[in-house]
There are 2 protein chains.
Amino acid sequence: MDRYARSVAERSRRIPEATVARLPVYLRALVEESDAKATTISSERLAELAGVNAAKVRKDLSYLGSYGTRGVGYDVEYLMFQMSRELGLTHDWPVIIVGAGNLGHALANYGGFRDRGFPVAALLDADPSKVGGRIQGIDVRAVDDLDDLVAELGSVIGVIATPAVAAQEVADRMASAGITSILNFAPAVVTVPDGVSLRKVDLAVELQILSFYQQQRDGGPDDEAGNPDAPATPTDPAAPAVG
Amino acid sequence: MDRYARSVAERSRRIPEATVARLPVYLRALVEESDAKATTISSERLAELAGVNAAKVRKDLSYLGSYGTRGVGYDVEYLMFQMSRELGLTHDWPVIIVGAGNLGHALANYGGFRDRGFPVAALLDADPSKVGGRIQGIDVRAVDDLDDLVAELGSVIGVIATPAVAAQEVADRMASAGITSILNFAPAVVTVPDGVSLRKVDLAVELQILSFYQQQRDGGPDDEAGNPDAPATPTDPAAPAVG
DNA sequence: GGTTGTGAACAAATTCACAGCG
DNA sequence: CGCTGTGAATTTGTTCACAACC
């Protein structure tokens with residue numbers, strides 16, 4: 001198969017959502033392995049570093065193309081490059097955070113965003129008393145500046161770090177300002193127009209999920225007298241909730 | 001056997017992982033609806049509030065038991081109670097956070113944990129210069145105090161908010177101290193012994209996933225024959241809906 | 001020999017559609 | 001009639017197992 005045909009075939013491949021969610025983890029593992037001066041890596045080793053099994057790694061990578069060499073493994077640098085390209089990480093994405101409370105503050109300070117190509121370009125708040133302050137070299141601006149800032153900074157990714165009640169309105173304003181990817185930290189369900197991607201991180205929900213499994217282990221919901229059979233761990237090695 | 005039939009049947013019902021992850025969202029919706037003085041709620045309405053479809057709500061709730069009334073809907077208070085019980089939220093779970101940096105700090109301050117039954121009972125750090133400080137009324141303690149604190153506080157849930165390099169060691173120490181549920185915020189893969197639940201929240205990974213879909217919308221990875229350059233400014237309008 | 005890439009088998013999750021019951 | 005509860009159908013994701021290839 002010639003080069004042109006191959007690239008067309010790759011483009012039309014639809015990558016499953018579950019795979020997309022794992023690519024960043026593989027990428028991180030590859031960076032580590034590259035720092036450790038490895039030049040090639042097997043699916044087995046990559047699986048170990050990423051905390052999944054080797055079959056899954058191979059299947060996932062196969063959606064990107066046939067970048068491995070049988071009998072050898074994958075070239076670390078080449079795979080890193082292909083993966084970065086696929087994830088759109090060949091350039092920075094300036095993000096705009098709305099909500100300069102506890103969490104917004106912490107996120108703005110969090111170096112992990114900048115380090116991975118997501119510099120915090122602006123921090124907005126609705127509270128006039130917060131506007132004008134400076135956090136980690138970033139001016140706190142008014143939410144009403146959103147349209148201007150999106151245009152000025154060319155941001156397409158927004159982060160919602162407001163209280164729950166404000167989340168939907170902020171999402172609406174982001175969408176109408178031209179933001180097309182939103183990460184929501186507010187403990188509220190928000191809806192976005194077609195063409196806008198949304199992901200959510202709900203800190204309390206994560207603890208509540210842990211609480212469920214914790215309690216299963218402790219003997220299940222107790223509405224009767226003591227239960228003698230202590231159910232074993234519901235441990236499926238592949239289940240996301242359990243190690 | 002009859003005397004326990006109902007509770008055994010319920011207990012042995014294996015609730016799918018995907019369902020468990022949605023229960024807290026339903027619960028939050030129910031609390032809202034209860035605050036709004038509603039006494040019953042349909043699967044349709046609950047679905048709307050939770051951002052899913054009605055069939056999924058009914059299927060999910062059916063794993064808890066037959067708590068609805070045909071032609072009417074679900075009793076809000078009763079369903080709230082059953083769900084809280086199932087999730088193990090009938091009592092508080094004191095959590096121990098390790099890592100008093102940016103994120104640990106923010107989490108300790110974050111009221112959302114306490115409000116939902118997860119009071120931050122201790123904040124630990126390896127850095128002696130941080131130990132002895134006070135955050136939101138919580139003393140910062142040394143990581144070496146972990147065993148003592150777990151015993152003293154009766155905590156079974158731990159939160160890792162350290163840099164990536166420290167994450168695995170902290171997880172190990174938590175597990176050996178008796179912590180059986182861990183929420184990991186460090187951008188690193190950690191493994192835990194059987195019988196310990198683990199969930200992870202990786203902030204940068206979330207943005208990277210958004211970046212993938214963003215870029216798909218912008219026209220996919222650009223690699224036409226010998227041009228490895230990235231698209232400069234991602235301001236392409238055409239948007240095949242992703243979500 | 002060693003390791004990838006992938007159809008085929010299997011498992012989990014979602015959605016459909018309607019019987020069953022208030 | 002209205003809405004739940006659930007089998008059946010469908011879709012999505014995971015794992016197996018082995019041919020293909022270096």
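Basis for what follows: all heavy atoms, side chains included, without hydrogens, waters or symmetry-related copies. Here is how names work: the chains are called A, B, and so on, in the same order as the sequence lines, proteins then strands, and each is numbered from 1.
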Could you walk me through whether B/D172 and B/V190 satisfy the side chain to side chain contact (heavy atoms under 4.5 Å, CB included) test, starting with their C-alpha distance in whole Å, then the side-chain angles of each, then the deciding distance to 0.1 Å, before giving a yes or no? CA-CA 9 Å; B/D172 294 345; B/V190 317; over 6 Å; no
Salt bridge (charged side-chain N to carboxylate O under 4.0 Å, His left out) for B/E17 and B/R199? Distances and angles first, verdict last. CA-CA 12 Å; B/E17 163 80 20; B/R199 291 190 64 88; 3.5 Å; yes
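In this structure, the CZ atom of B/R22 is 15 Å from the P atom of C/dA12, given to the nearest Å. Rounded to an integer number of Å, the gap from OH of A/Y78 to P of C/dT4 is 16 Å. Distance CG (B/L46) to P (D/dC3): 14 Å, rounded to an integer number of Å. Atom pair A/Y63:OH and D/dT14:C1' shows a separation of 9 Å (rounding to whole Å applied). For the pair A/K56 NZ and C/dT4 P, the computed distance is 17 Å after rounding to whole Å. Here C/dT15 presents its C1' atom at 10 Å from CZ of B/R58, a figure rounded to the nearest Å. Distance OH (A/Y74) to P (C/dG2): 17 Å, rounded to an integer number of Å. Rounded to whole Å, the distance from OH on A/Y67 to C1' on C/dT3 is 19 Å.
Among the nucleotides D/dG5, C/dG2, C/dT6, the one closest to any side-chain atom of A/R70 is C/dG2. Picking from D/dC16, C/dT3, C/dG22 the nucleotide with the shortest atom distance to the side chain of A/S42 gives C/dT3.
Side-chain nitrogen and oxygen atoms of B/K59 include none within less than 4.0 Å of the OP1 or OP2 phosphate oxygen of C/dT15. The side chain of A/S43 contributes an N or O atom lying less than 4.0 Å from OP1 or OP2 of C/dT4. Note on A/N53: a side-chain N or O is less than 4.0 Å away from OP1 or OP2 of D/dT15.
Mapping A/G71 and A/T19 onto DNA chain D via the closest heavy atom, the residue that lands nearer the 5' end is A/T19. For the pair A/D60 and A/V72, both in contact range of DNA chain C, the more 5′-proximal nearest nucleotide belongs to A/V72.
No engagement by B/E44 is indicated, since no non-hydrogen atom pair under 4.0 Å with the nucleic acid exists.
Using the six-membered ring where Trp is involved, B/F113 and B/Y110 have ring planes that are perpendicular, over 60° apart on the 30 and 60° scheme.
Heavy-atom contacts from other residues, nucleotides or ligands closer than 6.0 Å to CD of A/Q168 number more than 12.
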